[in-house]
There are 2 protein chains.
Amino acid sequence: MAGKTGVPGTGVTGRVFAVLGAFDAGHRMLTLSEIATRAGLPVSTTHRFTTELVSLGALHRDSEGRFAIGRRLWDLGLLSPVQTGLRETASPYLHDVYGATLATVHIAVRDHENVLYIDAVRGNMSVLIASTIGSRLPLHCTGVGKVLLAHAPGRVVQQVLAGPLERVTPYTITQPARLQRELARVRRDGYATTDQEMTLGACSAAVPIAADGRVIAAIGVVVPSLRRTRARMVASLEVAARGISRSLERR
Amino acid sequence: MAGKTGVPGTGVTGRVFAVLGAFDAGHRMLTLSEIATRAGLPVSTTHRFTTELVSLGALHRDSEGRFAIGRRLWDLGLLSPVQTGLRETASPYLHDVYGATLATVHIAVRDHENVLYIDAVRGNMSVLIASTIGSRLPLHCTGVGKVLLAHAPGRVVQQVLAGPLERVTPYTITQPARLQRELARVRRDGYATTDQEMTLGACSAAVPIAADGRVIAAIGVVVPSLRRTRARMVASLEVAARGISRSLERR
DNA sequence: GTTCGCCTTTCCACTGAGTGGAAACATTGT
DNA sequence: ACAATGTTTCCACTCAGTGGAAAGGCGAAC
């Protein structure tokens with residue numbers, strides 16, 4: 001969450017990225033000295049960098065002198081390959097699921113020991129929700145996270161089971177053994193669910209997306225309750241997941 | 001289109017961005033020497049930069065040694081503020097329009113003398129289409145472009161009318177006077193249309209999105225023909241545009 | 001198998017680009 | 001008017017960045 005304060009990184013490049021790294025989801029607009037503090041750099045150095053970055057379009061400076069990430073970086077980010085193909089392919093299918101369920105729909109990939117949301121469709125009046133596109137959440141307490149973890153290499157599973165399982169809500173699974181059983185269930189049944197394990201009042205269901213026989217992503221829905229709708233949700237998701245897999249393979 | 005070859009930029013920062021700038025929509029994966037050439041830098045220098053950028057997560061290197069934009073930049077790009085708020089707010093409304101029309105739906109802002117697509121919803125079996133998220137197209141031959149141009153500062157309009165109006169298809173408007181009349185019509189009627197001016201076989205309709213009394217974006221649809229559907233398309237778009245404006249204002 | 005050509009990686013002596021403390025400047029609040 | 005805080009400019013020092021060259025790899029051609 002917090003933006004890696006300190007650690008100036010070895011070269012100039014590292015320091016430039018320390019400046020850029022001062023920005024995060026909770027800090028989208030920063031003043032010069034805030035950047036300096038958060039990046040762990042002297043003000044004058046920071047000033048020089050920001051000035052140059054602004055002239056390069058990597059940063060934007062508003063009329064009040066505050067900085068924000070610029071369009072140039074937005075452009076560059078969109079060229080990141082892994083996501084691009086997947087997102088564009090999956091997007092229509094996410095809408096299909098949304099249309100069928102009116103639930104918030106997500107697609108996510110695993111990024112080390114986190115789930116990284118790469119796209120989302122949410123209605124006008126959907127539930128709350130912690131996840132936005134680009135956000136990272138723990139694997140063990142989200143629907144898509146459980147799916148991704150269940151199909152991750154053993155090494156990763158070990159690491160997650162070993163590292164403390166953060167208790168996000170009273171319902172979060174924090175016992176390694178229980179999580180392990182849950183993961184086995186996910187592999188057996190082909191889908192994962194959560195019940196208020198990440199956000200109170202929110203349940204989720206998720207299924208894997210395969211390509212070349214490997215699970216590369218997961219799609220899921222978030223709803224207030226799964227009581228009466230679990231079967232329908234899972235069915236919708238499975239249809240979409242198959243469609244996405246098929247689209248990915250013919251190219 | 002092509003990725004700014006040469007121009008090493010003054011400082012180290014400039015050179016780093018020359019490296020990153022070697023990537024564009026047509027060149028998402030590059031080898032070391034390709035980057036060096038496109039960035040106008042010596043190979044050894046490029047090598048040093050790329051190595052450092054990879055370790056920072058700004059670049060990704062695949063198993064065959066080719067480079068691509070990394071996740072770190074994807075993350076950063078998503079923090080770019082202008083788009084973020086607008087995109088998230090508009091997204092559900094775009095789906096509404098898609099649901100009502102089954103046409104490809106776009107939202108775009110003006111970026112200098114281009115239209116910059118910031119989000120899109122397209123169906124499984126939609127028309128072709130040149131625009132992807134993040135792509136820039138001329139203002140004078142797209143629906144959203146005309147809307148944005150019609151409400152742009154006089155200075156911008158002058159510049160576009162003066163600069164040669166690129167003929168993209170045989171139907172593209174290339175006479176300044178005719179474009180000017182068209183813009184007046186757009187302001188009067190509150191919507192713009194195109195008929196195969198950007199892509200053969202594709203027509204579009206678009207309306208402005210206002211915030212604080214200024215036009216800040218435009219949404220539009222792309223369809224094979226507007227003959228029988230123009231009124232419905234415009235109506236759907238107007239409802240969505242009003243909704244987006246309202247959502248933007250209460251915050 | 002050998003050779004050629006291209007791409008990548010490592011090395012290192014040189015030097016100018018980057019550094020950051022300090023002081024001047026601007027802005028805001030009391 | 002004064003203090004406090006944030007921003008910008010300046011400049012002497014030096015260390016980080018530079019890039020030519022050579023070595024190492026890889027694959028295609030012969």
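These numbers come from the heavy atoms of this one structure, side chains and all, not from hydrogens, waters or symmetry mates. Reminder, nothing fancy here: chain letters follow the sequence lines and each chain counts from 1.
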Rounded to the Å, how far apart are [X] [atom1] and [N] [atom2]?
| X | N | atom1 | atom2 | value |
| --- | --- | --- | --- | --- |
| B:E52 | C:dT9 | CD | P | 15 Å |
| B:L53 | D:dG17 | CG | P | 12 Å |
| B:E34 | C:dT8 | CD | C1' | 13 Å |
| A:L41 | D:dG6 | CG | P | 17 Å |
| B:F49 | C:dT8 | CZ | C1' | 17 Å |
| B:E64 | D:dC26 | CD | P | 14 Å |
| B:I35 | C:dT9 | CD1 | P | 11 Å |
| B:L32 | C:dC6 | CG | P | 16 Å |

- Sugar-phosphate, base or nothing in reach of B:T51, heavy atoms under 4.0 Å: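 Result for B:T51 = nothing.
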- Item | Touch class at under 4.0 angstrom, heavy-atom based, for B:R66 against every strand present |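 The answer is nothing, as B:R66 stays clear of every strand by at least 4.0 Å.
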Using every non-hydrogen atom in the two residues, find where [X] and [Y] come nearest and quote the distance to one decimal.
| X | Y | result |
| --- | --- | --- |
| B:W74 | A:L116 | CZ3-CD1, 3.9 Å |
| A:A241 | A:I219 | N-CD1, 3.8 Å |
| B:L248 | B:A211 | CD1-CB, 4.4 Å |

So which nucleotide from [options] ends up closest to the side chain of [X]?
| X | options | value |
| --- | --- | --- |
| B:R48 | C:dG20, D:dT7, D:dG19 | D:dG19 |
| A:V12 | C:dG18, D:dT8, C:dT9 | C:dG18 |
| A:S33 | D:dT7, D:dG19, D:dC10 | D:dT7 |
| B:S44 | D:dT8, C:dT10, C:dG20 | C:dT10 |
| A:H47 | D:dG19, C:dT8, D:dT8 | D:dT8 |

- Message: For C:dG20 and A:T45 - does any side-chain N or O of the residue sit under 4.0 Å from the phosphate oxygens OP1/OP2?
- Response: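 Result: yes.
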- Query: Is the CZ atom of A:R242 crowded by more than 12 outside heavy atoms at less than 6.0 Å?
  - Reply: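 Count not over threshold, so no.
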- Message: Quick one, B:R187 and B:P208 - any side-chain contact, counting heavy atoms below 4.5 Å?
- Response: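 Not touching, per the 4.5 Å side-chain cut-off.
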- Message: Here's a test of your reading of the structure: between A:V43 and B:P42, which maps to the more 5' nucleotide of DNA chain D?
- Response: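 Nearest nucleotide further toward 5': that of A:V43.
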